[in-house]
Structure formats: structure tokens, C-alpha cells
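I have placed the structure first, in the form of C-alpha cells, so that the comments after it can refer back to it.
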Amino acid sequence: MVKILVTDPLHEDAIKILEEVGDVEVATGLTKEELLEKVKDADVLVVRSGTKVTRDVIEKAEKLKVIGRAGVGVDNIDVEAATEKGIIVVNAPDASSISVAELTMGLMLAAARNIPQATASLKRGEWDRKRFKGIELYGKTLGVIGLGRIGQQVVKRAKAFGMNIIGYDPYIPKEVAESLGVELVDDINELCKRADFITLHVPLTPKTRHIIGREQIALMKKNAIIVNCARGGLIDEKALYEALKEKKIRAAALDVFEEEPPKDNPLLTLDNVIGTPHQGASTEEAQKAAGTIVAEQIKKVLKG
Ligand code: NAD
């Protein structure tokens, strides 16, 4: 019987599909040692972003044929190590685009209007109407870094708010940007200089690590708001902390962090930082879609 090991929470509909092709064991919150032990005789491993499928995990797996990532980014999986062993990696790139784009808009509005801070104050019994004065999205320039699936959904929604949109993505055709009504810029520094709001939607790779570094942050407007619903490692958090602390930029709204869960991250001590614990794809709809799409792909691979 095929052994399917699921090490992160997976939608029940996906489990049902997997049960049609093998014995499913759901074991979440494993330590590294437990994972190494359990993966030994697994034919299939299914994860979300929590489990780190590193080279040693892959090497320990004697029977592994396929790794399913119920979501988009595969940066928690050593795809190179998997490929070397002939293990197929499948994911669900489309499943969460709308959910992440909606959270991006939510964080953008929340940061612009200080909604989390105002809510906390209200609940403390205060009624402070001056302290939380915000800014509008309307008429502002939004800089979108990465115009793929999620970036494009953000563009559509930001247009409805009356924002002007500039984009940085060297890999998309000019015509795509034109049809979206986005002005493409060739240089990320130009985007950082011109944008009132900046949102990141690129994958984390050695090339994109710290794509927003000290140099880029120094170019931003005093009122700039940065939103990151992609990956924490895209921003130099130390440089971001210093800029926010000294009020060189207005605010940051972060769903992702260089280290997750964050340990004593100084960003979280600042009033002008709001955030969520990697919730981009955490909706009923996205989880169901990610799980079932990946389960169907695994089924196909197993059936050859
Ligand atoms: P995508 O592959 O559709 O789009 C990524 C875009 O980035 C592409 O258009 C690509 O050309 C562009 N790009 C690549 N390298 C670049 C560079 N150096 N500079 C500028 N642009 C570059 O991916 P997507 O589905 O839109 O997802 C984007 C990222 O969002 C994922 O890689 C993932 O890390 C993140 N994500 C986060 C969550 C969450 O829970 N917060 C959920 C899903 C995805």
C-alpha cells in the first residue's frame, strides 16, 4: 500500500482524495528527528509552508516518489535535491492568488488608516480620534514588485481604489503591463523613489533576497508604506527597522518575516508596523483549492 505522509494541516477534501490512492497519515508539528524517522518509508510527502523539506529529509526518504506542496512557494523544499533523486515536486500555483491579493489590500488599508492600532486603543476604553489620522489610497502611486499571478490581482483591485500603478518585473512582456494599465519601470530604485505604497509579489530566490535593501529604503518617500505578503527574506529587516524607527518611512504591513515564527523581532515592537502571521493563503477557499489541486496531481503521478 502507498504510504502518504501529511505533515502540515491539509483540507479534509484533499485528504479524501488522497485516501483513494493510499494510506494517509497526518502528523503535524513534528520535530526534525520525528520527520526524518517518519519520512523513511513514505511514498508521498504532503506539506504546506511549515515543514522544511531539506536535503537531509529527502536523502533519508528511501521510497519517496512525490512531494506535494499545498500552496505556491516551494522555497521550503530543496527542489534540486528532490530532482537529483527523481522525486517529483507538485504545487498549486493558482489556488491562493485571490486570497493573497485580498490580504494585501486589507493590509494596505489597515496601515494607511491605522486600523489595528485604533482597534486596540478603542478596546482599551480610549476614544482618540486625532492620533489615528490616516491617508487615502485614492490618487496615490502603488509600486508593484512582481507582476505575476498575485501581483496582477493586486493591480486590478488597486485600480478600483483609484491608484496609479507602476510595476517592476523584468520578465513580463510589455503588452501584459499595458493591458493591465501598469507603467513598467526598468529599475527597482525608480519604483522605490516614486511610489507612495510598495507591495512585493516576487518569489524568494538568491537573486531576490533583500531586493528591498538599505539602498532602496533610503530612496523611499517619507510617507511610504511597504506591504509584504510574499516572503520575509525579500526585505532587509534590519534596514527596514531602522527606517521605521526613525520615521524615515511611514509604515510597514507584513504578513511574512525573515524568521518564522519571528523570535524577538524588533520590528514587532514598533507602532508603525502592523502584521499577520503568514495568513496570505489562509482562507477556506484557498486551502480547499490548494489541497485538492495538489491531491489530484499526486493521484495522477501515482497512477503514472
Ligand atoms: P508568480 O510566479 O505568478 O509571479 C512572480 C512574478 O515575479 C513573475 O511575474 C516574475 O517574472 C517576477 N519576478 C521574478 N523575479 C523577479 C525579480 N528579480 N524582480 C522582479 N520581478 C521578478 O508568483 P505568484 O503566484 O504571484 O506568487 C508570488 C509569491 O507570493 C510567491 O513566490 C510566494 O512566495 C508568495 N506567496 C505568499 C503567500 C502568503 O501566504 N503570504 C501565499 C502565496 C504566495
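Everything numeric here is computed off the predicted structure, so don't read it as measured data.
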To the nearest 0.5 Å, tell me how far [X] [atom1] sits from [Y] [atom2].
| X | Y | atom1 | atom2 | answer |
| --- | --- | --- | --- | --- |
| Leu267 | Lys245 | CG | NZ | 11.5 Å |
| Ile4 | Ile298 | CD1 | CD1 | 7.0 Å |
| Asp94 | Ile293 | CG | CD1 | 7.0 Å |
| Arg209 | Asp236 | CZ | CG | 11.0 Å |
| Glu285 | Gln287 | CD | CD | 10.5 Å |

Item to check | salt bridge (Lys or Arg N to Asp or Glu O under 4.0 Å) partners of Glu183, counting only residues at least two apart | outcome: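 Counting only residues at least two positions away or on another chain, Glu183 forms a salt bridge (Lys or Arg N to Asp or Glu O under 4.0 Å) with Arg194.
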Item to check | side chain to side chain contact (heavy atoms under 4.5 Å, CB included) between Leu219 and Glu190, worked out | outcome: CA-CA 9 Å; Leu219 294 169; Glu190 185 189 337; over 6 Å; no
Given side chains that start at C-beta, do those of [X] and [Y] come closer than 4.5 Å, heavy atoms only?
| X | Y | value |
| --- | --- | --- |
| Ser96 | Val72 | yes |
| Ile165 | Thr141 | no |
| Leu240 | Ile212 | no |
| Leu234 | His210 | no |
| Asp78 | Thr54 | no |
| Ser49 | Arg69 | yes |
| Tyr168 | Leu147 | no |
| Ile145 | Thr199 | no |

Output yes when a side-chain donor or acceptor of [X] lies under 3.5 Å from a complementary backbone atom of [Y], and no otherwise.
| X | Y | result |
| --- | --- | --- |
| Glu34 | Thr31 | yes |
| Gln297 | Asn91 | yes |
| Thr283 | Ala286 | yes |
| Thr205 | Lys207 | yes |
| Lys85 | Ile58 | yes |
| Asn272 | Leu244 | yes |

Item to check | Residues that Gln152 engages under side chain to side chain donor-acceptor pair (under 3.5 Å), provided they are two or more places apart | outcome: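 For Gln152, no residue satisfies side chain to side chain donor-acceptor pair (under 3.5 Å) once neighbours in sequence are set aside.
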Next on the checklist: Which Ile, Leu, Val, Met, Phe, Trp or Tyr residues join Leu122 in one cluster when any pair of side-chain heavy atoms under 4.5 Å counts as a link?
Outcome noted: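 Under the 4.5 Å side-chain rule, Leu122 groups with Trp127.
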Tell me if the [atom1] atom of [X] is crowded by more than 12 foreign heavy atoms within 6.0 Å.
| X | atom1 | result |
| --- | --- | --- |
| Lys60 | NZ | no |
| Lys52 | NZ | yes |
| Lys300 | NZ | no |
| Arg129 | CZ | no |
| Asp186 | CG | no |

Next on the checklist: Suppose the criterion is salt bridge (charged side-chain N to carboxylate O under 4.0 Å, His left out): which pairs have a residue in residues 2-12, not counting sequence neighbours?
Outcome noted: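 As it turns out, the salt bridge (charged side-chain N to carboxylate O under 4.0 Å, His left out) pairs with a partner in residues 2-12, which skip direct neighbours, are Lys3-Glu25, Lys3-Asp41.
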Checklist entry - Which residue pairs satisfy the salt bridge (charged side-chain N to carboxylate O under 4.0 Å, His left out) criterion with at least one member in residues 246-257, sequence neighbours excluded? => result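 Residue pairs passing salt bridge (charged side-chain N to carboxylate O under 4.0 Å, His left out), neighbours aside: Glu246-Lys248.
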Checklist entry - After noting the C-alpha distance and the side-chain angles of Glu258 and Lys238, does the key distance pass the salt bridge (Lys or Arg N to Asp or Glu O under 4.0 Å) rule? => result CA-CA 10 Å; Glu258 287 199 277; Lys238 200 163 173 275; over 6 Å; no
Checklist entry - Please walk me through it: do Thr7 and Val46 pass side chain to side chain contact (heavy atoms under 4.5 Å, CB included)? => result CA-CA 6 Å; Thr7 57; Val46 187; over 6 Å; no
Next on the checklist: Any carboxylate oxygen within less than 4.0 angstrom of a Lys/Arg side-chain nitrogen, looking at Lys40 and Glu37?
Outcome noted: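 Counted as a salt bridge, because a side-chain N and a carboxylate O are separated by less than 4.0 Å.
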Item to check | Lys303/Glu20 salt bridge by N-O under 4.0 Å criterion | outcome: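 So Glu20 does not pair with Lys303 through a salt bridge.
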Checklist entry - Which pairs, with at least one residue in residues 100-122 and sequence neighbours excluded, count as a side chain to side chain donor-acceptor pair (under 3.5 Å)? => result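 The answer is Ser121-Glu126.
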Checklist entry - Just checking, is any N or O donor in the side chain of Glu284 or His11 under 3.5 Å from an acceptor N or O on the other one? => result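 A donor-acceptor contact under 3.5 Å links the two side chains.
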Checklist entry - Does the side chain of Asn189 pick up a donor-acceptor pair with the side chain of Gln216 at under 3.5 Å? => result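 Their side chains do contain a donor-acceptor pair, which is all the 3.5 Å distance test asks for.
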Next on the checklist: Go through it in stages, so that I can follow the logic: the residues are Arg214 and Glu242, the test is salt bridge (Lys or Arg N to Asp or Glu O under 4.0 Å), and I'd like the CA-CA distance, side-chain angles, deciding distance and then a yes or no.
Outcome noted: CA-CA 9 Å; Arg214 199 169 290 278; Glu242 285 163 17; 2.6 Å; yes
Item to check | Intermediate values then yes/no, salt bridge (Lys or Arg N to Asp or Glu O under 4.0 Å), Glu259 and Lys263 | outcome: CA-CA 7 Å; Glu259 186 186 9; Lys263 281 194 208 91; 2.8 Å; yes
Checklist entry - Are Ile67 and Val74 connected in the hydrophobic side-chain network, where two residues link if heavy atoms are under 4.5 Å apart? => result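 They do share one cluster, since a chain of ILVMFWY contacts under 4.5 Å joins Ile67 to Val74.
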Checklist entry - Can you check side chain to side chain contact (heavy atoms under 4.5 Å, CB included) on Arg149 and Val100, steps first, answer last? => result CA-CA 10 Å; Arg149 285 174 291 256; Val100 181; over 6 Å; no
Checklist entry - Run the side chain to side chain contact (heavy atoms under 4.5 Å, CB included) check on Asp196 and Leu142 step by step: do they pass? => result CA-CA 6 Å; Asp196 301 295; Leu142 171 65; over 6 Å; no
